[in-house]
Number of protein chains: 2
Amino acid sequence: MAGKVAERRAALRENLINIAEQRIANDGLSELRARDLAKEAGCALGAIYNVFGDLTDLVLAVNARTFHKLGAEVAEALADAPQDPVEQLVVMSQAYHRFAAANLHAWRALFDVERAPDEDAPEWYLQEMGRLFTYISDPLAVIFPQYSDQERALLTRGLFSSVHGIVLLGLDGASAGVPSDEIDSMIALILRQITLAK
Amino acid sequence: MAGKVAERRAALRENLINIAEQRIANDGLSELRARDLAKEAGCALGAIYNVFGDLTDLVLAVNARTFHKLGAEVAEALADAPQDPVEQLVVMSQAYHRFAAANLHAWRALFDVERAPDEDAPEWYLQEMGRLFTYISDPLAVIFPQYSDQERALLTRGLFSSVHGIVLLGLDGASAGVPSDEIDSMIALILRQITLAK
DNA sequence: ACAGTATCATGAACCTCGTTCACTAACGGG
DNA sequence: CCCGTTAGTGAACGAGGTTCATGATACTGT
């Protein structure tokens, strides 16, 4: 019976990702413990390291799922959005906000995991990021047909970063908890203002 | 000799903040070690805990300094800025960017320190934040005199968050290192676009 | 000045965690 | 059925934040 080991390992891998995913979703990245994972998965502590190089690798696997779900939700919002490109931007941004609010811990884990400073971002990250950027860039091409590709790329990145910043600080408790509606208003206000200036 | 203890403690406190500040500036928050601090300050390990409740308190003391310096640099930029309110916003935002880039680790520590989820932000944080918000709100009042205070507050917060997001993602290595000039361009592009739409 | 008491500083010890590795168990080819 | 190879195990290791019993130090009243 060839591949039995690989099968068992793949199953453990899936299992560990599921457990870590739930743990992060419930309690946040900082509450993830190797010993908890092993206990809940019914495996030895060392078994985790037969399947993942370290806990960061496991977290990255969870993050890949999270990011993919995020992209899917934004895409779904876009599919249901009106034709008007400005409204498309607003709807997608609010979908981003909705996802972040509904999956706060998992969403935070996307950015809180510490990457080694030398190695670059994983492939799935760049791919999903590109997907999101395309969703933004397409309506922008309609709104600002006179812009060069380079200018549009700049604006795309800038708008994404802006919305990200608004959601980030809005969901941060330190800012005394901005109400969800106000975050959506801020997003809409800024996007509509920017895109008014054709 | 009254107050000798208090004096010694105050000196140790200053000393520890200085050492931690330098350590964070050089190597980042994650490289801060209680044992290193004690060794460099020439004090016992436990002495740190006579002066600070825990290391987070010490980091918060460093952050207070960082945030104050940040506010001062933005204020200075504003003082040297032209009268045009839009340009004032651009200049301040680019000063924010410049500070973050020049003090990357210290700036990151402002946001990376984990606060207990129940207790709210320290007083100095709210005060400095309010100062920054005032700097933004004042030019906005000139640009958009028709806005209510509430609308302007929303726009203020939104603009700050946007600029923060642009700087944050721009300085993040994962985005493949956006050149400094492009970050400034993004900031200027977005601010000018928004404020065109009077 | 001195004894007595309260307060402070000290660093070894404690605890939590991620990670490793010597050992044991399981597997499979001959 | 035996033996070499591979996989799984969990005790042990090392790092690091925090605590606390103990000895040193400073204050107070006489």
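Letters A, B, ... are given to chains in the order of the sequence lines, protein chains preceding strands, and every chain is numbered from 1.
Rounded to a whole Å, the CD atom of B/Glu114 is 12 Å from the P atom of D/dG17. For the pair A/Ile48 CD1 and C/dG18 P, the computed distance is 9 Å after rounding to whole Å. The CG-C1' distance, from B/Leu16 to D/dT18, rounds to 15 Å in whole Å. One can place CZ of A/Arg8 at 16 Å from P of C/dA25, the figure rounded to the nearest angstrom. When rounded to the nearest whole Å, the span between CZ of B/Arg9 and C1' of C/dC8 equals 6 Å.
In this view, A/Gln22 satisfies the side-chain hydrogen bond (donor to acceptor under 3.5 Å, both in side chains) rule with no residue, not counting sequence neighbours. Residues forming a ring-ring contact (aromatic ring centres under 6.0 Å, His included) with B/Tyr49 (at least two apart in sequence, or on another chain): none. Taking A/His164 as the reference, A/Trp107, A/Phe111 meet the ring-ring contact (aromatic ring centres under 6.0 Å, His included) condition, with sequence neighbours excluded. Residues meeting the side-chain hydrogen bond (donor to acceptor under 3.5 Å, both in side chains) test with A/Asp27, sequence neighbours left out: A/Arg23.
Near-neighbour residues of DNA chain C inside residues 49-66 of chain A, defined by a heavy atom below 4.0 Å, number-ordered: A/Tyr49, A/Asp54, A/Leu55. Interface residues of residues 18-44 of chain A facing DNA chain C, ordered by number: A/Leu32, A/Arg33, A/Ala34, A/Arg35; criterion, heavy-atom separation under 4.0 Å.
Residue pairs satisfying the salt bridge (Lys or Arg N to Asp or Glu O under 4.0 Å) criterion with at least one member in residues 87-106 of chain A, sequence neighbours excluded, are listed as follows: A/Glu87-A/Arg192. Every pair passing side chain to side chain donor-acceptor pair (under 3.5 Å) that includes a residue from residues 133-144 of chain B is listed here, sequence neighbours excluded: B/Arg131-B/Tyr135, B/Ser137-B/Arg152. The list of salt bridge (Lys or Arg N to Asp or Glu O under 4.0 Å) pairs with a residue in residues 64-81 of chain A, not counting sequence neighbours, reads A/Glu14-A/Arg65, A/Glu21-A/Arg65, A/Glu21-A/Lys69.
A donor-acceptor contact shorter than 3.5 Å is absent between the side chain of A/Glu31 and the backbone of A/Gly28.
For A/Leu45, counting side-chain heavy atoms from C-beta on, the closest listed nucleotide (D/dG10, D/dA7, C/dA13) is D/dG10.
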